[in-house]
Amino acid sequence: MVRTRFAPSPTGFLHVGGLRTALYNYLYARKNNGRFILRIEDTDQRRKVPGAVENLLATLDWSGIKPDEGPQIGGDAGPYVQSERLELYRQYVSQLIDNEQAYYCFCPAERLKQLKGWQTARKIPPRYDNHCRNLSANEVKRRLESDEQHIIRMKVPTEGAIEVDDLIRGKITFPVSQIDDQVLLKSDGFPTYHLANVVDDHLMQISHVIRGEEWLPSTPKHVLLYRSFGWDLPKFAHLSLLLNPDKSKLSKRQGDVAAEDYRQKGYLPEALINFLALLGWNPGDDREIFSMDELISEFSLERVSKSGAIFGVEKLNWINGLYIRNLPPAQLLSCARPYLDESLRRHNVKNRNYWNDERLLAMLIAIKDGLSSFSEIPQKTAFFLADTLSYEAPEIQEYLISPTSIPILTTLIRLIDEESIINGDTFVTAIKNVQKEIGIKGKPLWMTVRAALTGASQGPEIHQIAAIFDRETCLARLTAALNYAKSHLG
Ligand code: GLU
């Protein structure tokens with residue numbers, strides 16, 4: 001049975017690269033009717049960040065990646081948090097000591113530091129010099145009995161090579177001479193990543209280890225550990241890094257890297273997942289829009305690329321915009337609610353009878369074609385909610401401070417006043433009647449009206465805007481623009 005796992009360390013936020021790793025593990029498990037396991041690797045106590053586990057669980061949950069086994073739901077192979085499994089690691093490491101595959105190392109930190117300094121000064125790659133590897137059994141016993149501080153190291157063979165058969169990268173050979181005697185158990189009794197990761201992948205019966213490329217150098221160490229224990233190897237697949245558009249490693253300096261940032265900025269989880277799925281995987285044709293279920297049925301590791309994938313935020317914006325436009329109205333309103341509330345706060349809107357849900361939804365529908373994320377809502381709705389508009393932009397002045405503006409606005413105000421009902425259609429008819437009455441048409445006519453209603457040269461269709469405002473607001477805006485034009489035209 002296929003069993004995959006996502007094994008984050010709670011050292012901060014969930015990186016978008018981490019979310020992609022989780023996604024590929026999830027897709028692969030689902031596609032193969034397997035199980036997807038979430039395991040928290042928190043054995044590095046110094047790097048643990050308070051709240052990181054909760055944040056991780058919440059972000060995964062938001063993204064729609066649901067583990068079959070994990071800290072919140074449990075499962076047969078639990079506990080799924082490594083700090084709750086310390087006793088197990090000690091048992092397994094003592095098995096290695098008994099088989100002489102591992103040994104106690106009593107070297108004080110000071111000695112190791114000196115060794116490293118000496119090696120660095122001579123440009124030798126820093127590594128342990130196996131000082132304690134051949135201590136006599138009696139000496140080890142004596143030093144343990146006198147409670148000397150120690151760690152446990154793996155006995156790495158001194159020659160040969162380890163071949164890793166990676167599902168994405170093919171065969172990779174690592175000479176063991178490059179691997180020094182790895183620490184397995186630290187002096188605080190906690191396992192290292194290598195030990196805990198291998199023991200857990202074995203006990204949790206992980207069939208496929210799908211993880212980031214940064215773990216590739218650890219893989220030969222893991223292979224050695226599996227051999228020392230006499231366990232079967234899982235299959236390995238190492239995913240390429242996510243890159244900035246300049247091909248450097250994706251970094252905070254060039255944009256957001258936390259999945260949480262995208263959530264807060266108002267990206268839809270379905271869109272982020274769709275986007276991440278395509279960073280390194282492709283369906284073999286030019287389709288770009290996939291629901292989670294479609295991804296599950298299409299995903300395969302054969303179609304995961306070896307080369308790094310560029311995290312292009314424009315593509316994410318495009319996908320997100322598409323998902324926003326496809327939202328049914330009620331969902332559009334509920335997803336946009338926090339951002340609408342922010343808009344209303346910014347403009348100090350008190351009259352919620354006027355700005356009721358119906359009007360807010362109409363406003364959203366009017367702007368949604370131009371939205372790439374919900375966080376743009378406050379800026380895109382500003383002209384609807386503002387008490388007064390600024391007409392200072394040159395492209396506005398071009399139409400308002402022009403000989404045509406006063407006749408256009410005066411005539412339109414009169415026609416609107418005379419109209420019994422104001423809605424999108426009657427407003428547009430009134431504009432057309434202005435053309436009939438005074439003979440001004442085209443851009444000067446329509447842009448003047450747009451400038452007066454919105455203070456901008458671009459935006460939703462005039463009939464949409466007029467349908468959202470009532471007669472009073474339409475008239476107030478036209479009159480304000482008319483007064484502006486008069487004051488500037490003298
Ligand atoms: N705990 C490691 C991490 O933070 C897991 C690496 C692996 O998947 O083996 O990514």
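What you see is a predicted model; the values in this text were computed from it and never measured. The analysis underlying the following values was restricted to heavy atoms, covering all of them including side chains, and did not include hydrogens, waters or symmetry mates. Indexing begins at 1, ligand by ligand and atom by atom, following the structure's order.
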Participant: Give the residue, atom name and distance (to 0.1 Å) of the protein heavy atom nearest atom 4 (O) of ligand 1.
Facilitator: S9 OG, 3.1 Å
Participant: Run the salt-bridge test on E145 and R142 with the 4.0 Å N-O cut-off and return the result as yes or no.
Facilitator: no
Participant: In the protein, which heavy atom is nearest to atom 2 (C) of ligand 1, and how far is it?
Facilitator: A7 O, 3.3 Å
Participant: With heavy atoms of N197 as the reference, note each atom of ligand 1 found under 4.0 Å away.
Facilitator: 7 (C), 9 (O)
Participant: Can you tell me if R153 uses its side chain to pair, donor with acceptor, with the backbone of D181 under 3.5 Å?
Facilitator: yes
Participant: Taking P328's backbone N and O only, do any of them form a donor-acceptor pair with Q331's side chain (distance below 3.5 Å, no angle check)?
Facilitator: no
Participant: Minimum heavy-atom separation for L60 to S63, with atom names?
Facilitator: O-OG, 2.7 Å
Participant: Can you tell me which residue and heavy atom of the protein come closest to atom 8 (O) of ligand 1, and the distance to 0.1 Å?
Facilitator: R5 NH1, 2.6 Å
Participant: Which heavy atom of the protein is the closest neighbour of atom 1 (N) of ligand 1, given with residue, atom name and distance?
Facilitator: E41 OE1, 2.7 Å
Participant: Can you tell me the protein heavy atom closest to atom 10 (O) of ligand 1 and the distance?
Facilitator: W215 CZ2, 3.4 Å
Participant: Is any NZ, NE, NH1 or NH2 atom of the basic residue among E69 and R39 found under 4.0 Å from an Asp or Glu carboxylate oxygen of the other?
Facilitator: no
Participant: Out of R211, E214, R39, H222, whose heavy atom sits nearest atom 7 (C) of ligand 1?
Facilitator: R211
Participant: Please check if the number of heavy atoms outside D98 that lie under 6.0 Å from its CG is greater than 12.
Facilitator: yes
Participant: May I ask you to decide whether D68 forms a salt bridge with R30, counting only side-chain N to carboxylate O separations under 4.0 Å?
Facilitator: yes
Participant: Under 3.5 Å, N or O to N or O, is V209 touching ligand 1 that way?
Facilitator: no
Participant: Determine whether the side chain, the backbone, both or neither of F6 has a heavy atom under 4.0 Å from any heavy atom of ligand 1.
Facilitator: neither
